[in-house]
**Q** 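This structure is in structure tokens; I'll ask about it shortly.
Heads up: numbering here begins at 1 and tracks the sequence. Fair warning: this is a prediction, and the values are worked out from it, not measured in the lab.
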Amino acid sequence: VQKVLDHYQLVHGDSEINFSFVDSKAVPEIQLSDIVVGFLGKYFTFIEKTPLSALLRIRKNLTKTQAQTLKLFGELIDISDKTSNALLFRITTMDSDWKSDAFLHGSDFPPHLLHA
């Protein structure tokens, strides 16, 4: 990847994007990022594979601590997404987004999701 990107100038609007390649073992921030991205990957796989009815049942049966942790996780995602939508940019269906919002925030969802 580095060899390919070295031949390109990356820009956003009129500004050049500065980037570098580093050994993740030497940079604690990248190690933390790897953990967060891995966790998010597991979360979205869970959402994709779990029917909404099961997600709602799981959410309903969370302990107080688990519910508080889920609430904080949802707030962290919302704050991160408002800061930069690059973190959670993914290609998925609207159904998966609705399922995630229902699980994280207790949001309303289209009725067809209960029968999917």
Side-chain angles (χ1 to χ4, degrees):
V1 172
Q2 183 175 356
K3 288 178 185 178
V4 171
L5 288 180
D6 281 343
H7 299 289
Y8 293 95
Q9 178 185 23
L10 301 178
V11 294
H12 178 68
D14 294 332
S15 302
E16 183 177 354
I17 298 173
N18 296 315
F19 65 93
S20 62
F21 288 87
V22 297
D23 180 357
S24 64
K25 295 176 188 158
V27 182
E29 294 86 354
I30 292 178
Q31 293 175 23
L32 180 60
S33 173
D34 287 346
I35 292 168
V36 171
V37 169
F39 179 77
L40 288 172
K42 298 284 187 197
Y43 169 75
F44 287 114
T45 297
F46 167 69
I47 293 297
E48 290 281 338
K49 291 185 174 189
T50 308
L52 180 60
S53 57
L55 291 172
L56 296 175
R57 191 170 43 257
I58 291 166
R59 180 179 164 80
K60 181 181 177 185
N61 292 320
L62 293 175
T63 66
K64 187 175 182 178
T65 300
Q66 290 168 331
Q68 180 64 20
T69 300
L70 184 65
K71 179 179 181 247
L72 292 171
F73 176 60
E75 290 173 4
L76 179 62
I77 285 178
D78 291 344
I79 291 167
S80 298
D81 197 42
K82 285 178 188 170
T83 301
S84 169
N85 65 356
L87 173 68
L88 297 174
F89 181 80
R90 64 198 187 285
I91 298 172
T92 189
T93 65
M94 291 174 64
D95 285 0
S96 292
D97 282 339
W98 287 323
K99 285 170 54 179
S100 180
D101 288 345
F103 184 70
L104 275 181
H105 304 296
S107 301
D108 292 334
F109 51 85
H112 76 272
L113 289 177
L114 286 177
H115 308 291

**Q** Hey, could you give me the CG/CG distance between Leu70 and Leu62, rounded to the nearest 0.5 Å?
**A**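 The distance works out to 6.0 Å.
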**Q** Flag the pair Trp98 / Ser107 as yes when at least one side-chain heavy-atom distance between them is below 4.5 Å, and no otherwise.
**A**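 Side-chain contact under 4.5 Å: no.
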**Q** Please report the interatomic distance NZ(Lys64) to OG1(Thr69), rounded to the nearest 0.5 Å.
**A**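 The OG1 atom of Thr69 is 12.5 Å from NZ of Lys64, to the nearest 0.5 Å.
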**Q** Does Thr45 use its side chain to pair, donor to acceptor, with the backbone of Gly41 at less than 3.5 Å?
**A**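 Indeed, once roles are kept as given, a pair shorter than 3.5 Å links the two residues.
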**Q** Pair up each side-chain donor or acceptor in residues 47-60 with any protein partner under 3.5 Å, not counting sequence neighbours, and list the distances.
**A**
residue: Glu48; atom: OE1; partner: Ser96; partner atom: OG; Å: 3.2
residue: Glu48; atom: OE2; partner: Thr92; partner atom: OG1; Å: 2.7
residue: Glu48; atom: OE2; partner: Ser96; partner atom: OG; Å: 2.7
residue: Thr50; atom: OG1; partner: Phe46; partner atom: O; Å: 2.6
residue: Arg59; atom: NH1; partner: Phe103; partner atom: O; Å: 2.7
residue: Arg59; atom: NH1; partner: Leu104; partner atom: O; Å: 3.3

**Q** Not counting sequence neighbours, which residues clear side chain to side chain donor-acceptor pair (under 3.5 Å) with Ser20? List them please.
**A**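 Ser20 satisfies side chain to side chain donor-acceptor pair (under 3.5 Å) with no residue once adjacent residues are dropped.
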**Q** Using a cut-off of 6.0 Å, state whether more than 12 heavy atoms not belonging to Asp108 lie near its atom CG.
**A**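 12 or below, so no.
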**Q** Can you tell me how far NZ of Lys99 sits from CE of Met94, rounded to the nearest 0.5 angstrom?
**A**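 Answer rounded to 0.5 Å: 14.5 Å.
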**Q** Got a sec, which residues hit ring-ring contact (aromatic ring centres under 6.0 Å, His included) with Tyr8, two or more places apart in sequence or on another chain?
**A**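 Checked Tyr8 against ring-ring contact (aromatic ring centres under 6.0 Å, His included); zero matches.
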**Q** Does the side chain of Val11 come within less than 4.5 Å of Ile17's, by heavy atoms?
**A**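 Result no, sub-4.5 Å side-chain heavy-atom pair not found.
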**Q** Rounded to the nearest 0.5 Å, how far does CD of Gln31 lie from NZ of Lys25?
**A**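 Those atoms lie 9.5 Å apart.
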**Q** Side chains of Leu40 and Ile77: closer than 4.5 Å at any heavy-atom pair?
**A**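 Yes, at least one pair of side-chain atoms sits under 4.5 Å.
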**Q** Taking side chain as C-beta onward, heavy atoms only, is Thr63 less than 4.5 Å from Gln68?
**A**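 Sidechains of Gln68 and Thr63: no contact.
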**Q** If you round to the nearest 0.5 Å, how far is CZ of Phe21 from NZ of Lys3?
**A**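 Here the rounded value is 12.0 Å.
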**Q** Between atom CG of Leu5 and atom CG of Leu10, what is the distance when rounded to the nearest 0.5 Å?
**A**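 Answer rounded to 0.5 Å: 6.0 Å.
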